[in-house]
Amino acid sequence: MNLTFYKYQGTGNDFVMIDNRDNVFPKSNTQLVAKLCDRKFGIGADGLILLENDKGTDFKMVYYNSDGNTSTMCGNGGRCLVAFAKYLGVITDKATFMAVDGLHHATIEGEVVSLQMQDVNEVQEHKDFLFLDTGSPHHVQIVEDVLKVDVPVEGAKLRYGRYGDNGSNINFVTSEGGDTFKVRTYERGVEDETLSCGTGVTAVALAMHKIGKVSGNKVAIKTQGGDLHVNFERGDSGYQDIHLIGPAKYVFKGEIVC
């Protein structure tokens with residue numbers, strides 16, 4: 001089978017995109033997904049995303065981690081999929097789509113995509129970390145200098161040691177002053193550090209607000225792959241109207257024999 005694919009990246013978090021509105025992709029073939037995401041024997045990506053038809057919205061998002069397994073929500077992947085949908089002519093400047101965690105709204109202007117995330121009703125505070133679910137589970141831990149952390153090693157210790165087989169994404173964060181933070185993330189399913197993680201960035205912003213490190217409702221996050229912003233509202237039952245904002249860029253189009 002000759003498979004046409006597209007490559008997109010959002011602050012260095014990169015994805016293989018496939019237009020699957022005709023349902024031609026073998027969705028149960030986890031080995032194929034892993035091969036396509038392999039950086040030495042395939043295309044290379046942090047994940048693979050299918051754009052599919054959906055009766056009630058503009059499109060549906062089906063997300064796979066680079067290990068070949070379907071996974072929880074991917075924020076940067078969702079932003080990139082909005083850009084892909086615009087490229088295909090499925091949308092213009094606004095989108096609604098269905099993902100594994102439910103309905104999402106988004107807007108796109110140039111290369112900047114603002115993606116509305118799900119409400120977060122609980123942020124768990126522990127002695128030396130916070131835990132919350134922003135569509136995917138996230139451990140958030142403040143460190144003195146995030147650039148000095150061995151993220152693949154320390155992230156794996158927490159991902160497996162504290163959270164077991166199901167695991168969690170692990171975020172290390174350092175304040176840059178004001179409402180700006182530097183973040184590095186170990187992603188489960190990729191089982192390594194990624195240059196950026198959208199749900200992780202969102203988790204960090206809300207966690208820092210929860211413990212009083214943020215004064216307003218707009219947070220700037222610096223990742224290894226670029227800058228993102230998270231806007232939100234704090235309500236009686238948690239956080240609502242959460243938006244993950246940043247660039248989503250087309251990289252290239254290709255064809256691969258599967």
Side-chain angles (χ1 to χ4, degrees), residues 11 13 46 65 67 71-76 100-101 117-225 227-244:
T11 53
N13 206 186
D46 292 326
N65 277 328
D67 63 4
S71 187
T72 47
M73 181 58 186
C74 176
N76 284 332
V100 66
D101 63 339
M117 307 295 284
Q118 300 298 339
D119 293 348
V120 174
N121 297 323
E122 182 182 18
V123 180
Q124 300 176 16
E125 294 185 60
H126 299 271
K127 182 179 178 180
D128 56 355
F129 70 96
L130 298 96
F131 182 84
L132 63 160
D133 193 311
T134 54
S136 291
H138 282 278
H139 170 111
V140 177
Q141 184 169 318
I142 296 174
V143 295
E144 185 174 348
D145 186 353
V146 72
L147 296 180
K148 295 182 178 179
V149 178
D150 189 338
V151 173
V153 172
E154 298 304 318
K157 287 180 182 178
L158 290 166
R159 180 259 193 263
Y160 291 102
R162 184 180 294 275
Y163 297 100
D165 291 339
N166 288 335
S168 172
N169 301 287
I170 309 297
N171 303 273
F172 300 98
V173 54
T174 300
S175 174
E176 290 280 286
D179 292 345
T180 301
F181 299 86
K182 188 170 287 184
V183 177
R184 293 174 66 189
T185 303
Y186 178 97
E187 284 200 53
R188 66 172 188 173
V190 179
E191 305 309 332
D192 202 351
E193 179 179 9
T194 54
L195 293 179
S196 176
C197 174
T199 54
V201 162
T202 304
V204 167
L206 302 184
M208 293 303 98
H209 184 272
K210 175 70 173 180
I211 60 176
K213 299 288 186 180
V214 170
S215 58
N217 62 348
K218 298 180 180 180
V219 180
I221 303 288
K222 296 181 178 180
T223 73
Q224 297 289 81
D227 297 341
L228 291 163
H229 292 83
V230 180
N231 300 345
F232 55 85
E233 296 296 334
R234 182 71 167 95
D236 294 336
S237 60
Y239 293 92
Q240 297 91 34
D241 200 24
I242 305 164
H243 287 84
L244 172 67

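Just so you know, these numbers use all the heavy atoms, side chains as well, and skip hydrogens, waters and symmetry mates.
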Beyond-backbone contact of Phe172 with Leu158, side-chain heavy atoms, under 4.5 angstrom: yes

Only counting residues at least two apart or in another chain, list the ones meeting side-chain contact (heavy atoms from CB on, under 4.5 Å) with His243. Ser114, Gln116, Asp241, Ile245

Counterpart residues, side-chain hydrogen bond (donor to acceptor under 3.5 Å, both in side chains), relative to Thr174 (two or more places apart): none

Judged by atom type as modelled, is there a donor-acceptor pair below 3.5 Å linking the side chain of Asn169 to the main-chain atoms of Arg188? yes

Just so I know, are the side chains of Gln141 and Val173 near enough to count as touching, which here means a heavy-atom distance under 4.5 Å? no

Sequence neighbours left out, what passes ring-ring contact (aromatic ring centres under 6.0 Å, His included) with Phe129? Give chain and number order. His126, His139

Check residues 199-209 and write down every donor-acceptor pair under 3.5 Å in which the side-chain atom is one partner and the other belongs to a residue at least two apart or another chain.
unit_1 : atom_1 : unit_2 : atom_2 : d
Thr199 : OG1    : His138 : NE2    : 2.7
Thr202 : OG1    : Gly198 : O      : 2.9
His209 : ND1    : Tyr239 : OH     : 2.8

Could you report the tightest heavy-atom contact between Gly167 and Pro137, atom names first, then the distance? O-CG, 4.2 Å

For residues Leu130 and Ile211, determine if any side-chain heavy atom of one lies less than 4.5 Å from a side-chain heavy atom of the other. yes

Not counting sequence neighbours, list each pair that qualifies as a salt bridge (Lys or Arg N to Asp or Glu O under 4.0 Å) and has a residue in residues 132-151. none

Taking side-chain hydrogen bond (donor to acceptor under 3.5 Å, both in side chains) as the test, write out the residues that go with Gln240, two or more places apart. Ser237

Residues at least two apart in sequence or cross-chain that pass side-chain hydrogen bond (donor to acceptor under 3.5 Å, both in side chains) with Ser196, listed by chain then number, are Thr11, Asn76

Under the side-chain hydrogen bond (donor to acceptor under 3.5 Å, both in side chains) test, which residues partner Glu233, sequence neighbours left out? Asn217

For residues 191-215, the salt bridge (Lys or Arg N to Asp or Glu O under 4.0 Å) pairs (sequence neighbours left out) are Arg159-Glu191, Arg184-Glu193

Contact check, side chains of Val183 and Thr185, non-hydrogen atoms, under 4.5 Å: yes

Enumerate the ring-ring contact (aromatic ring centres under 6.0 Å, His included) contacts for residues 178-197, please, sequence neighbours excluded, ordered by first and then second residue. none

Considering residues at least two apart in sequence or located in another chain, which fulfil the side-chain contact (heavy atoms from CB on, under 4.5 Å) criterion with Asp46? Asn13, Asp14, Arg39, Val190, Thr194

